[in-house]
Amino acid sequence: CPAGSFCGTATIVPTKCPKGKFNSEKGMVLESDCEPCTGGFYCPTTGIDVPTLRCSAGWYCTLGAEVSEPDNDGTGDECPIGSQCPVGSVAPELCSPGTYAPNKRMDECLLASPGWYVIDRQSPQQCPQGYFCNASGISYNYSSCSEGSYGATAGLSLESQCTECDAGFGCPSPHQT
């Protein structure tokens with residue numbers, strides 16, 4: 001009995017493994033010898049011996065997927081907001097600090113621009129007045145302008161963009177506006 005199928009006892013003609021399953025071994029006897037398609041892959045036809053088709057970008061496939069873009073059928077789904085799913089994903093991967101995915105079906109999280117920060121993995125926030133957000137865009141926090149300076153505008157990305165206090169005016173505490 002060839003790989004990708006099973007042959008019951010006294011069977012002359014092999015039966016192909018069903019969609020969503022595969023079998024890489026020869027000589028299998030039962031349909032239960034066919035395994036669910038490997039996570040990250042899909043098995044769209046019968047008789048597959050090795051899964052080779054990877055799930056679409058922006059989607060994830062758990063075990064037994066029959067299509068490249070499963071629709072919450074127990075074998076996968078579209079990537080949720082705040083996560084990324086590159087080609088062949090088994091599960092959504094949360095965006096790392098400083099990155100975000102504002103839409104479903106994102107294959108890659110977006111990097112926050114300088115002067116912006118991200119705390120919810122879904123949307124960037126402009127750095128508030130009196131603070132700066134690092135220029136690399138990967139900080140999910142913001143830092144205060146130091147004592148003796150103030151943030152004249154929102155969206156600063158470097159501490160050097162904080163403005164020194166004018167002569168005769170004190171800025172005794174950080175994050176002055």
Main chain of [Y], side chain of [X]: is a donor-acceptor contact present, judged purely on distance under 3.5 Å?
X      : Y      : result
Glu35  : Phe22  : no
Asp120 : Ser123 : yes
Arg121 : Cys95  : yes

Rounded distance (nearest 0.5 Å) linking atom [atom1] of [X] with atom [atom2] of [Y]:
X      : Y      : atom1 : atom2 : value
Asn23  : Cys43  : CG    : SG    : 11.0 Å
Ser56  : Glu69  : OG    : CD    : 4.0 Å
Thr38  : Leu63  : OG1   : CG    : 7.5 Å
Ser24  : Asp33  : OG    : CG    : 11.0 Å
Asn103 : Ile81  : CG    : CD1   : 6.5 Å
Tyr117 : Tyr100 : OH    : OH    : 14.0 Å

Side chain to side chain donor-acceptor pair (under 3.5 Å) between Glu108 and Gln84, worked out: CA-CA 5 Å; Glu108 184 177 25; Gln84 65 182 6; over 6 Å; no
Which atoms form the tightest heavy-atom contact between [X] and [Y], and what is the distance?
X      : Y      : answer
Ser68  : Trp59  : O-CB, 4.0 Å
Val90  : Thr62  : O-CG2, 3.7 Å
Val87  : Arg54  : O-NH2, 3.7 Å
Met28  : Ser5   : CB-O, 3.9 Å
Asp107 : Gly58  : CB-N, 3.8 Å
Ala112 : Val118 : CB-CG2, 3.7 Å

Trace of the side-chain contact (heavy atoms from CB on, under 4.5 Å) decision for Leu30 with Phe6: CA-CA 6 Å; Leu30 304 171; Phe6 60 96; 5.6 Å; no
Cys37/Cys61 sulfur atoms closer than 2.5 Å: no
Sulfur-sulfur distance Cys55/Cys85 under 2.5 Å: no
Does the side chain of [X] reach to within under 4.5 Å of the side chain of [Y], using non-hydrogen atoms?
X      : Y      : result
Pro18  : Lys16  : no
Gln122 : Pro102 : no
Pro70  : Thr75  : yes

Worked check of side-chain contact (heavy atoms from CB on, under 4.5 Å) between Asp77 and Tyr60: CA-CA 6 Å; Asp77 202 1; Tyr60 65 94; 3.5 Å; yes
Glu66 and Lys19: CA distance, side-chain angles, deciding distance, salt bridge (charged side-chain N to carboxylate O under 4.0 Å, His left out) verdict: CA-CA 6 Å; Glu66 295 178 17; Lys19 290 180 182 181; 5.4 Å; no
Ser144 vs Tyr131, side-chain contact (heavy atoms from CB on, under 4.5 Å): CA-CA, chis, key distance, verdict: CA-CA 4 Å; Ser144 300; Tyr131 298 85; 3.4 Å; yes
Donor on one side chain, acceptor on other, Thr15 and Glu31, under 3.5 Å: no
Donor on one side chain, acceptor on other, Ser157 and Gln161, under 3.5 Å: yes
Stepwise side-chain contact (heavy atoms from CB on, under 4.5 Å) check, Cys145 with Leu156: CA-CA 10 Å; Cys145 288; Leu156 301 181; 4.3 Å; yes
